[in-house]
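Below you'll find the structure, written out as C-alpha cells, and then a few comments.
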Amino acid sequence: MNHYPNLFSPIQIGKTTVKNRIFMPPLSTNLADQGYVTDALTEHYSNRAKGGVGLIITEVTTVEPVYTYLPGDMSIYDDSYIPGWKKLVDAVHRYDTKILSQLFHPAYMAFPIPGTPQLIAPSNVGPYYAKSAPRPVTIEELQTIIRQFGEAAYRFKQAGGDGVEIQAAHAHGLLGGFLTPLYNKRTDAYGGDINGRLRLTLEVIAEIRRMCGEDFIIDVRISGDEYSDGGLTLNDMVYVSRQLEAAGVDFIHVSGGNTIKRGSSMPAPGTSAAPHARAAEEIRKHLHIPVSTVARINEPWIAEELIANGKTDICMIGRPNLCDSEFANKAFAGKIDDIRPCIGCGRCLTGIMFGKPISCTVNPSVQSDKIEPAQVKKKVLVIGGGPAGMEAAYIAKMRGHEVVLCEKSGELGGLLRLAAVPVGKQELCKVIKFMARRLENAGVEIRKNCEVTPEMAETEFQGYEILCTSGSKAKEIEAFQCFKQTMTADGILSGRAFPGRKVVILGGGSVGCETADYLAPLVNDWFPANRDVTVIEMTDTLMAGEGGAAKSVLTQRLLKKGVKIELRSTVTKVDETAITYSKNGKEHVIDDADTLVFAVGYTPVPVACPGAHVLGDCNKTGNLKEAVAAAYEFAKNL
C-alpha cells in the first residue's frame, strides 16, 4: 500500500519520467580520489538508489582543473573521468533511479591548495571569510569556462548520466556569484542589472543544450530569496526562473539564503520545516516546468503535505537520506517508526572542510550499511541505556550475539533525555524513541531499574563480555558551593532543581548556552517575572569547538533575549551572597544573584565492573556523535 500517494507519484522531467518525487540534493562526501569516482562513492550513491530515491543529484563536480572546491570532491574536466562515472551511473540506474551531476566552478570559494593561483570572482569582492581579494574574471576566461561546462556535461552524458544541475544558488561559486548583486559589481555585459548578472548562467545552459541535446535534463539550483539586505529577492527570482524556463531548463531547484548569512541556506536544527517552500510556491505559480524545494524535510508527511498543498512538485530530501538510506522505501511501506531520524544537526558536513569523509551523528554506518555476522557468538552484557549503550547492544545483537542491556533508571536515553529539553533540541526525543524501539524489535533483553554490581557480574553474568556505557555526571566546583543556591545545568534540565530569577551560569559551552536559552524569557520585554541570566565564560568565544548554523542561531537568540554574556572572564571568589569575577584586569561583583549554575563539563562515571570494556562518556566525555560512533565501531568488531 502506498501511504503517500502524492510523494510516490511519477513526474515528468523534460523527456524523462522519474518514478517518485523524492529527489536527493547534492551533499559533499569527500569520498572521491583526486576527483575520480571511488568504490566508496559508488556504494554511497547506489545505497540511496536501492533505498528508493527517485533521482539523485551528486555533490559538486568541478568542470576544470585549476580550482578545487574540496580535496575529496568529484570532477569531470577530461575524458579520464568517464569510466568511473559510468560505473557510478550504472550502479544507480540498476534501481530505476535517475542521476544528475551538479556542475560547478568554485571561483572565489576554491580550497586554498598550495599553488592555486589568485581566485577569480565576478568582481574584486570576496566572501566575508576570504583572506585575500579575488580578481575579476575576464570575458575571455568566461568563454573558456562556458565551453568547459558544456564539455563536462557531454562527458557525463557519455557516461550514461541523465542530466546535470547548474549550481547558481547561495551566492556560491562562480554562477551563484555572478547572479547575486552582493558579489557582482560588474558594469560590462555580465553585470549591472539582473539580465547582465544572469547572462553567464544562460550562456552555460545554451552550451550544455547544444552539446547534449533536448533529451538531456538540465536543472538550475537557485536561491528563491537570499533573505539578505542587498541580495536577491523573491521578486527577482520569479523573473529569473521565467528566463530559465524560456532558456529550456527542465526544472528549477529552489533553495534559499546564501553563504554570507549563516543559517539561511543550511537551516539550524529545531527551526521550521521546509523554510524555502514559500519561495518555491510563488515561483511555481509562474512556470510550466516542475519546481522543487529543499531543506529540513525530515519526515515523509511533510513532503506529502508540501506536494498535496501545491507548495512544490518535488521534495529534495538530503540529510535524511544520509541518515537512513532506506528512507524512501520505508516511507512507501508506511514503516515510519523504522526511519532513523535525522536531527538536522549538520555534523554530517562539519568535517568536510578538514578533509574528513561525510558522517552522521545518528548513523555511524552512513557510508556502508553492512553488518557482518560475528564468527564467534558470545553472551554480551551492556551496562547503561544511553545512546552508546543502545547502539552497542543493537549492533552486537545484529551480529548474532546474545545481548542483555541493564539500565539503572526506569527509562532509556541517558543524558540524551536532558539534551532534548532546551529550545530547538526536541528532535533528540525521536532518536531515543527510535533506538529503544529498534532494540525491542531486535529482541535485546532490556532490564530497567537494574543496577549491575560487581557481585552480579561475577555470578549472574559470569562468562559474559561486559560493555560499560554508564555515562558521565556533571561537574561542580566545590569551592563555589558556598553560594546561597547552587545547582548544575543538568539538575535544571531534569527538573530536579529549580532556579530563581537572577541566574548566573558558570560556563559558556553548549550546555551553558542551551541552559541560558532555556531559562531566558521568550520575549525580552522587561516583564517583572522574566529571568535575568548572565553567562560567564573564561575563553574568548561561546561554544568553543562548535560551528555552523546551530551555533549562530543560538548565539543570536541569546542576544535577542537579553542574556548577558561575559567572555574572557574568570570567577575568582564566591561567598554566600556574591560572585566575583575578573575581566580585562578589572574586578566585577554580582551581589544580587539568587542562583549559581554550574555548566563546567562532565566527568566519567566510575566503572563498577573490573575488566569491562568502557565505551562512550564513561570512557571519554564527548558529544552524541562521538559516543554512538565509538559504540558502533567496538560492537561491529566484537
Side-chain angles (χ1 to χ4, degrees), residues 11-16 18 21 23 25-26 55 57 100 102-104 122 149 153 163-184 190-209 214 216-228 230-258 264-265 274-295 297 306-307 309-316:
I11 186 169
Q12 192 73 17
I13 304 293
K15 298 184 178 181
T16 302
V18 181
R21 313 294 181 99
F23 288 16
L55 182 147
I57 304 172
L100 312 184
Q102 190 196 65
L103 300 187
F104 186 70
F149 269 95
V164 293
E165 175 171 273
I166 305 304
Q167 160 66 341
H170 309 146
H172 188 55
L174 189 66
L175 300 185
F178 262 81
L179 189 55
T180 181
L182 292 168
Y183 287 159
N184 188 337
Y190 292 94
D193 64 3
I194 195 166
N195 294 304
R197 298 198 309 273
L198 180 58
R199 179 173 178 168
L200 178 60
T201 298
L202 293 179
E203 291 183 358
V204 166
I205 292 166
E207 180 69 5
I208 293 172
R209 187 63 78 201
E214 295 298 320
F216 191 70
I217 296 171
I218 301 176
D219 99 84
V220 179
R221 190 180 203 190
I222 62 170
S223 286
D225 190 326
E226 287 192 332
Y227 316 125
S228 302
L232 293 163
T233 67
L234 177 55
N235 195 52
D236 293 332
M237 299 316 293
V238 169
Y239 176 80
V240 165
S241 298
R242 290 171 62 125
Q243 309 314 305
L244 294 174
E245 180 179 31
V249 168
D250 295 301
F251 79 94
I252 306 292
H253 178 175
V254 179
S255 184
N258 54 47
S264 62
S265 58
H276 312 311
R278 174 178 167 271
E281 180 184 21
E282 184 60 30
I283 288 170
R284 183 175 179 267
K285 293 176 184 177
H286 303 277
L287 302 182
H288 301 92
I289 57 175
V291 168
S292 73
T293 190
V294 68
I297 307 172
L306 289 168
I307 297 170
N309 297 335
K311 307 291 186 183
T312 187
D313 300 295
I314 298 157
C315 286
M316 293 280 176

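The basis for the numbers below is simple: all heavy atoms, side chains too, and nothing from hydrogens, waters or symmetry mates.
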Validation row: Leu234, Ile283 side chains within 4.5 angstrom (heavy atoms): yes
Exercise: identify the closest heavy-atom pair between Glu245 and Leu287: OE1-CD2, 3.4 Å
Closest contact, heavy atoms only, Thr293 versus Thr312: N-OG1, 3.2 Å
No-hydrogen, no-angle side-chain donor-acceptor test under 3.5 Å, Thr180 and Asn258: no
SG on Cys315 to CG on Leu306, rounded to 0.5 Å: 5.0 Å
Heavy-atom closest contact (Pro26 atom, Arg221 atom, distance): CG-NH1, 3.8 Å
Under 3.5 Å: donor-acceptor pair, side chain of Ser223, backbone of Gly257: yes
side-chain contact (heavy atoms from CB on, under 4.5 Å) between Leu232 and Arg197, intermediate numbers included: CA-CA 11 Å; Leu232 293 163; Arg197 298 198 309 273; 3.7 Å; yes
Student check: side-chain heavy atoms of Ile57 and Gln167 closer than 4.5 Å: no
Greater than 12 external heavy atoms within 6.0 Å of Arg209's CZ: yes
Any side-chain heavy-atom pair of Glu226 and Asp236 under 4.5 Å: no
Polar contact flag, side-chain donor to acceptor under 3.5 angstrom, His276-Tyr227: yes
Side chain Asn184, main chain Leu198, donor-acceptor under 3.5 Å: no
Ile218 CD1 to Ile208 CD1 distance, which is reported to the nearest 0.5 Å: 5.0 Å
Side chain to side chain contact (heavy atoms under 4.5 Å, CB included), paired with Phe23, selected from Val294, Ile11, Asp219: Ile11
Test item: side-chain donor near acceptor, Ser241 and His286, under 3.5 Å: no
Residue pair Leu175, Phe149: steps toward the side-chain contact (heavy atoms from CB on, under 4.5 Å) verdict: CA-CA 11 Å; Leu175 300 185; Phe149 269 95; 4.1 Å; yes
Nearest-0.5 Å distance, NZ of residue Lys311 to OG of residue Ser292: 16.0 Å
Audit row: Leu103, Glu165, side-chain contact (heavy atoms from CB on, under 4.5 Å) steps and yes/no: CA-CA 6 Å; Leu103 300 187; Glu165 175 171 273; over 6 Å; no
Nearest heavy-atom neighbours spanning Pro275 and Ala295: CD-O, 3.4 Å
Phe104 side chain near His172 side chain, heavy-atom distance below 4.5 Å: yes
Interatomic distance, Leu179 atom CG to Leu174 atom CG [nearest 0.5 angstrom]: 11.5 Å
Minimum heavy-atom distance between Ala274 and Ile297, given as atom pair plus value: CB-CG1, 4.2 Å
Spatial distance of atom CG (Leu244) from atom CZ (Phe251) [nearest 0.5 Å]: 12.5 Å
Tyr239 side chain near Asn195 side chain, heavy-atom distance below 4.5 Å: yes
Glu203 side, atom CD; Tyr190 side, atom OH - distance, nearest 0.5 Å: 3.5 Å
Atom of Ile289, atom of Asp250 and distance for their closest heavy-atom approach: CB-O, 3.5 Å
Stepwise side-chain contact (heavy atoms from CB on, under 4.5 Å) check, Ile314 with Ile13: CA-CA 11 Å; Ile314 298 157; Ile13 304 293; 3.9 Å; yes
Salt bridge flag under 4.0 Å for residues Asp193 and Arg199: no
Carboxylate-amine/guanidinium proximity below 4.0 Å for Lys285 and Glu282: yes
